[in-house]
Amino acid sequence: MVGLTAMQARYTGVSPKDSEEFSSASRSVKPGLIASGIVSAWTWAATLLQSSAIAYRYGIAGPWWYAAGATVQVLLFAQLAAKLKLNAPYAHTWLEIVGTRWGTTAHLIFMVFGLATNLIVSSMLVLGGSATVTSLTGMSTIAACFLIPLGVAIYVVVGGMRSTLLCDYTHTTVLFAIILTFVFTVYATSGYIGSISRMHYLLGEVSQISPVAGNAGGSYLTFRSKNGLIFGVINLIGNFATVFQDQAYWQRAIASRPSTTVKAYLIGGLAWFAIPFVFSTTLGLSAVAFSAVPAANSSSQDPLSSSFIPLLAPLSQDAISAGLPASLAAATLLGKSGAAALLIVLFLAVTSATSAELIAVSSILTYDVYVRYINPKATEQQILRMSHAGVVIFALVMGIAGVIFYYIGVSMGWLYTFMGVILGSAVCPIALCITWKKASKVGCISGSVIGFSAGIIAWLVTTSALNQKVINVTTSGGNYEMLAGNLASIGVGAIISTTASLIWPDDYDFALTRAINARSAAVASTNINDELEEPEDEKKVQDASVLSVTNEAQIDPELDPVGLNKAFKFAARASIVLTLVLMIIIPLPLFFAQTVYSVTGLSVWVIVGIIWTFLSAFTVVIYPLWESRAALRLISRGVIMDIFSPGSGKFVAPSSMKKPGE
C-alpha cells in the first residue's frame, strides 16, 4: 500500500500531503471504488465468523437474517449521503454538522456516542481477528491484538483516505476469490460433501441427532426459526447504530463525488449482501454437516449409532460465540490450505475495516477535538500532523481495548449483539439532524440520553428476571435479554426525538452547515477536481476562493440542489423498497410457511447465492477498474516512460496537462 501511494503521487499528481486529500480524498472518488470501500469496511471479522456461527446455530435462516439485517442500513444510509452533499457538502465529519447546528453540548454528547461506536467496532475486529489467528496458528492472542492495528496504521499514516480505499479494493478482490473457492469446494469437489444433495442429506441426519430448538421440525433446512428471527431483529437494530454513528461510513460519503454518492451506497449495500449470505451458507452449514460425516477411525458409518465418531464434534456455546465454526470447517475441508485461506480472508477483512476505523477516528480527533476546541486557527501542516497522530493514537487504543475485553471474557458474539443496547438511542436523532429542518435540539439530545438509559435498564431488568437475578457475561448475552435492550434503546430514542420535534419544531435552513469549510474545500476541490479528468484552469481556482457559499453549484456543478434533491428522492424510494423486500416481503412468508426444504429448495437457495456473489464481484472488482481506466493508462504510461528513460515518467504540472485520450 505504501508503494501504491508512492506510484500514485508520482504518476497522477495526487499526493496525501494535503489535509483535504488525506482525510477525504479531495471528495472526488468514483462510485465503483466507493462501493468497493463500503463492501470492505462493512466486512468485519464478525461478518465472516459471526454469520457462520449463526448458520451453525439456526440453519439456513441464519445467513439470510444476518445478511439482510446488516444490508438495509447501508441502503438507507444512501439517503443520509444525499442529504450530506446537499446540506453540508464540505464537512469533514458528521459531528461537525451536529456541532454547527446544535452547539457544543450536543457536539460533546454525540461525540461520546460516535467514539464509543468506533471503539466497539474496533474491539470486535481485533477480538474476532485475534481469536481466529490464535486458533489457526497458535500465535499469542495479546500479540495479535496489537499487531493487527499496528501494520494497518503504517499505510494509513502514509497514504490517508485514498490509500484506505485502494487497500479496500485489493482486499475485496481477494475476499471474493477465496469465498468462491470455498463455495465450489463444498458444493462441487469435496470428498466429504461435494454436492447440494449430499449437504441436504447430512443436514437432515444432524437434525435427527440434535434438533434445533425453535425450528420447524427441529430442522436446519427451514426458514421457520424462532431464534433466527429474534437474532434478525437484534442484528437490524445493532447495525443501525454502527452505520449511522460510525464516521467510517460518513467518510466514504464525504470522499465520494456528489453526483454518484447514492449510486455507490446502493451498489455497495447489495454487493455486500452476498458475502455473509454465501460464506455462512457454505462454511457455517459445512461445520454442521461434518458432525454427521464419519471420521477415519469411526467403527460405525451411522450417525445415530453409539460407536459413531464424527469428523467434527459438536461445538460448545463458547466456541460458537467466538466464531470458530468457520475456521474449523475450513480446516476440515481443505486441511492446512483451508486454514491458510481463511486466515488470509480474515486478515484482509480485519485490516481493511481497521483502516476505515483509523482514518475515521483520526478525522474526529483532528476536526472535532483539535481544530474545534484546541487550535481553531490551525495551519494546514498542523492539521495534517494531527491527522497522522490521530491514526497512531487510535491504533494503540484498539490494541489495548482488545486485550481488556479478552481478559474480561467478552467475546465478539457478545459484543455484536450488545452494541445496539448502548448505541441505538442516537440513531434517529443523528438522522433527523442531517435530514430534517424541524428536528428539535432539546428533543434529540434528550432522546439519545434517555434512550441510552432505557436500553441499559431494559437489558439488565430482563437479564435479572429471566435468570433468577443472576447477572453476568453469560446470562446477559441471551437472545431475549439483548432483544429487550436493543428495542428499548432505539425505540425510546426515536419516539422522544421525533415527538419532541413535532411538538416543538425548529425551523433550520442549513445555511450554516453549508458554510462549514466551504472556502478551503472549494479551493482544494478545484485543485484536484478528479485524478482521472482534466484539472480546472487557474482562473476557476481563483474564482472559487471568492465565490459566496450560496453559489456552491458554480464552484462544483455536481452540488446543484435540484440534482441532489432528485438523488435524495431516488435514494429514499430505492432504499425503502429494497428494505421491505429483504426484511418483510421475502423472509416473513417463508417464516410463516413452516416449510422444511427439499433438495430442490436447498439447490435454489445455494444457486441464487452463487449467482449473487458473481454479480457482486463484477460490480466491486471489475467495474472500478473500468471507471478508472484513464488513471490506470496514465500510470502505465508513466511507468513505461520511467523504464526506458528514467525520470521522464513523472506527472506533469496540471497547467500543461491535456485531457486523457487527447
Visitor: Give the intermediate values and the outcome of side-chain hydrogen bond (donor to acceptor under 3.5 Å, both in side chains) for residues N227 and Y480.
Guide: CA-CA 9 Å; N227 288 319; Y480 290 104; 4.8 Å; no
Visitor: Which residue, Y416, Y66, W42, forms the side-chain hydrogen bond (donor to acceptor under 3.5 Å, both in side chains) with N239?
Guide: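 Single pass found, and it is Y416.
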Visitor: Answer yes or no: is there a side-chain heavy-atom contact under 4.5 Å between I430 and W250?
Guide: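 Sidechains of W250 and I430: in contact.
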Visitor: Is there a donor-acceptor pair under 3.5 Å between the side chain of T71 and the backbone N or O of L270?
Guide: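 Judged by distance alone, no pair lies under 3.5 Å.
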Visitor: Is the ring pair F231/Y58 parallel, tilted or perpendicular, if the boundaries are 30 and 60 degrees?
Guide: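 Plane angle between 30° and 60°, so tilted.
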Visitor: Please round to the nearest 0.5 Å and tell me the distance separating atom CG of L119 and atom CD1 of I404.
Guide: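 Output value for this atom pair is 8.5 Å.
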Visitor: Side-chain contact test, heavy atoms from C-beta onward, threshold under 4.5 Å: evaluate it for I193 versus S286 and give yes or no.
Guide: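 In contact.
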Visitor: Side chains of T134 and T141: is there a donor and an acceptor less than 3.5 Å apart?
Guide: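 Yes, T141 and T134 have a side-chain donor paired with an acceptor closer than 3.5 Å.
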Visitor: Sequence neighbours left out, what passes ring pair (Phe, Tyr, Trp, His ring centres under 6.0 Å) with Y192? Give chain and number order.
Guide: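 With neighbours one apart ignored, the set is F290.
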Visitor: Any heavy-atom pair between the side chains of V133 and L343 that's under 4.5 Å?
Guide: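 In short, these two side chains touch, coming nearer than 4.5 Å.
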Visitor: Do L311 and T332 come within less than 4.5 Å of each other through their side chains, counting heavy atoms only?
Guide: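 Yes, close enough: below the 4.5 Å cut-off.
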Visitor: Rounded to the nearest 0.5 Å, what's the gap from CD1 on I38 to OG on S40? Could you check?
Guide: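 Between I38 CD1 and S40 OG, I get 11.0 Å after rounding to 0.5 Å.
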Visitor: Does F223 have its ring centroid less than 6.0 Å away from the ring centroid of W605?
Guide: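 Aromatic pair counts; centres sit under 6.0 Å.
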Visitor: Side chains of E96 and D368: closer than 4.5 Å at any heavy-atom pair?
Guide: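 Sidechains of D368 and E96: in contact.
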Visitor: Does the ring center of W64 lie less than 6.0 Å from the ring center of F273?
Guide: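 For W64 and F273, the ring centres are under 6.0 Å apart.
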Visitor: Taking atom CD1 of I450 and atom CD1 of I496, what is their separation to the nearest 0.5 Å?
Guide: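 That separation rounds to 4.0 Å.
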Visitor: How long is the straight-line distance from OG1 of T242 back to CH2 of W44, given to the nearest 0.5 Å?
Guide: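 Reported to 0.5 Å precision, the distance equals 4.0 Å.
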Visitor: Picking from W272, F77, Y249, what satisfies ring pair (Phe, Tyr, Trp, His ring centres under 6.0 Å) with Y265?
Guide: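 The single option meeting the ring pair (Phe, Tyr, Trp, His ring centres under 6.0 Å) with Y265 is F77.
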Visitor: Do W94 and F244 have ring centroids that are under 6.0 Å from one another?
Guide: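 Distance test on ring centres: not under 6.0 Å, no.
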Visitor: Using the rule given for side-chain hydrogen bond (donor to acceptor under 3.5 Å, both in side chains), can you reason through S321 versus D318, listing the C-alpha separation, both sets of side-chain angles and the distance that settles it, and then say yes or no?
Guide: CA-CA 5 Å; S321 187; D318 284 348; over 6 Å; no
Visitor: Determine the interplanar angle of the W459 and F418 rings, folded into 0 to 90°, and report it as parallel if under 30°, tilted if 30 to 60°, perpendicular if over 60°.
Guide: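 Judged by the thresholds at 30° and 60°, the geometry between W459 and F418 is tilted.
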Visitor: Tell me whether the count of non-hydrogen atoms from other residues, nucleotides or ligands lying under 6.0 Å of OH in Y406 goes above 12.
Guide: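 12 or below, so no.
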Visitor: Kindly compute the distance separating NZ (K441) from OG (S497), expressed to the nearest 0.5 Å.
Guide: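 One gets 15.5 Å once the value is rounded to the nearest 0.5 Å.
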Visitor: From L590 CG over to S225 OG, what is the distance, rounded to the nearest 0.5 angstrom?
Guide: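 Interatomic distance, L590 CG to S225 OG, rounded to 0.5 Å: 13.0 Å.
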Visitor: What's the verdict on side-chain hydrogen bond (donor to acceptor under 3.5 Å, both in side chains) for Q79 and T435, showing C-alpha distance, side-chain angles and the deciding distance?
Guide: CA-CA 8 Å; Q79 297 179 52; T435 59; over 6 Å; no
Visitor: Start with the C-alpha gap between Q247 and S363, add the side-chain angles, then the distance that decides, and say whether side-chain hydrogen bond (donor to acceptor under 3.5 Å, both in side chains) holds.
Guide: CA-CA 8 Å; Q247 171 63 17; S363 295; 4.8 Å; no
Visitor: Show me the side-chain donor-acceptor pairs of residues 483-494 shorter than 3.5 Å, one per line, residues at least two apart or across chains.
Guide:
from : atom 1 : to   : atom 2 : distance (Å)
N486 : ND2    : T417 : O      : 3.1
N486 : ND2    : M482 : O      : 2.7
S489 : OG     : G420 : O      : 3.4
S489 : OG     : V421 : O      : 3.0
S489 : OG     : S425 : N      : 3.0

Visitor: Is any side-chain heavy atom of F279 closer than 4.5 Å to a side-chain heavy atom of L342?
Guide: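 Contact flag for F279/L342 side chains = yes.
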